[in-house]
Amino acid sequence: SGFTLLEVMLAFVVLAAALGLLLGMLSRGLKQVTDSQAATDATLYAQSLLDELGTLQPMAPGASQGEFEHGRYRWRLQVVPTQDPAPPPPPAAGQSQPQPVPTDASPVLYRVTLDVDWGKAGPTQRLHFQTLRLRSPPGADDQTGGQNPGEAENDAAAAAADRSDR
């Protein structure tokens with residue numbers, strides 16, 4: 001009246017299979033947490049880079065690249081002038097469509113594209129950010145470096161707030 005050797009061996013096999021599945025689930029959960037933390041870090045680095053653009057760094061067309069955390073995260077930034085993607089409002093009844101008239105003081109719309117890559121032994125993960133920024137044209141107002149006074153004050157306040165947070 002006890003367990004046979006076969007029953008004991010079968011119990012050990014079931015226990016080993018259950019522990020193997022449990023360890024596999026814990027391992028996958030830990031990997032997901034690690035991947036999530038890396039994506040969060042990449043997003044925060046991208047946000048800080050985009051926050052500096054136009055405040056601490058001048059807004060100018062071109063491309064640049066760099067890295068964070070000694071090469072763990074690599075980024076590429078591209079700034080290009082672009083046309084307004086919003087369609088113009090419909091004309092009033094009986095009137096023709098108004099045509100925009102560009103001037104030297106017209107604000108310039110920039111498309112800002114930022115890619116952040118990371119991963120072991122080459123970029124395996126990527127975040128892609130794209131936004132539009134409106135700025136006064138370069139040289140429109142020499143006192144504020146091409147920005148209108150309200151924009152320069154807002155940019156200076158944002159830069160001061162950013163420095164106080166650090």
Side-chain angles (χ1 to χ4, degrees), residues 27-166:
S27 173
R28 284 189 297 275
L30 184 60
K31 182 178 180 336
Q32 288 176 342
V33 168
T34 304
D35 291 348
S36 171
Q37 181 62 46
T40 300
D41 289 346
T43 302
L44 290 173
Y45 285 133
Q47 181 181 3
S48 69
L49 194 63
L50 290 173
D51 285 347
E52 289 178 0
L53 187 64
T55 56
L56 300 177
Q57 298 175 6
M59 178 76 70
S64 59
Q65 60 186 6
E67 57 186 36
F68 295 113
E69 284 191 23
H70 308 292
R72 181 175 178 201
Y73 298 94
R74 293 156 305 282
W75 57 268
R76 283 179 308 286
L77 178 71
Q78 184 177 14
V79 179
V80 294
T82 187
Q83 296 294 320
D84 188 356
Q95 293 184 356
S96 64
Q97 180 73 30
Q99 297 296 318
V101 179
T103 65
D104 289 341
S106 296
V108 178
L109 184 64
Y110 293 100
R111 180 177 307 276
V112 179
T113 305
L114 175 63
D115 292 312
V116 180
D117 300 327
W118 72 95
K120 297 177 183 173
T124 58
Q125 300 288 326
R126 171 176 286 172
L127 288 177
H128 178 79
F129 299 91
Q130 196 168 48
T131 185
L132 297 173
R133 300 276 174 100
L134 188 64
R135 291 289 187 254
S136 297
D141 184 6
D142 292 336
Q143 293 175 337
T144 60
Q147 299 174 332
N148 65 42
E151 189 177 281
E153 290 171 6
N154 290 341
D155 287 351
D162 185 47
R163 282 192 295 270
S164 68
D165 289 342
R166 292 181 186 177

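Each residue takes its place number in the sequence, starting with 1. These numbers come from a predicted model, not from an experiment.
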**Message:** Please give me the minimum heavy-atom distance between Pro58 and Leu53, naming the atom from each residue.
**Reply:** O-CD1, 4.0 Å

**Message:** In the structure I gave you, are the side-chain heavy atoms of Thr113 and Gln130 within less than 4.5 Å of one another anywhere?
**Reply:** yes

**Fill in**
Nearest heavy-atom contact between Trp75 and Glu67 is NE1-N, 3.3 Å

**Interatomic distance, Leu77 atom CG to Glu52 atom CD [nearest 0.5 angstrom]** = 11.0 Å

**Request:** Look only at the side chain of Ser36 and the backbone of Gln32, and say whether a donor-acceptor pair between them is shorter than 3.5 Å.
**Result:** no

**Side-chain touch Gln83/Leu109, heavy atoms, less than 4.5 angstrom** = no

**Prompt:** Are side-chain heavy atoms of Gln37 and Val33 found at a separation under 4.5 Å?
**Reply:** no

**Request:** Please round to the nearest 0.5 Å and tell me the distance separating atom CG of Asp35 and atom CZ of Arg28.
**Result:** 13.5 Å

**Complete:** What one should report as the nearest heavy-atom pair of Phe129 and Ala46 is CE1-CB, 3.4 Å

**Message:** I need the minimum non-hydrogen distance between Leu50 and Arg133, along with the two atoms involved.
**Reply:** O-NH2, 3.0 Å

**Request:** Looking only at non-hydrogen atoms, find the nearest pair between Gly119 and Arg74 and report the distance.
**Result:** N-NH2, 4.0 Å

**Message:** Please enumerate all residues that pass side chain to side chain contact (heavy atoms under 4.5 Å, CB included) together with Ala39, with sequence neighbours excluded.
**Reply:** Trp118

**Message:** Strictly distance-based, threshold 3.5 Å: is any side-chain N or O of Arg126 a donor or acceptor partner for the main-chain N or O of Thr124?
**Reply:** no

**Asked** What is the minimum heavy-atom distance between Thr82 and Tyr110, and which atoms define it?
**Response** CG2-C, 4.1 Å

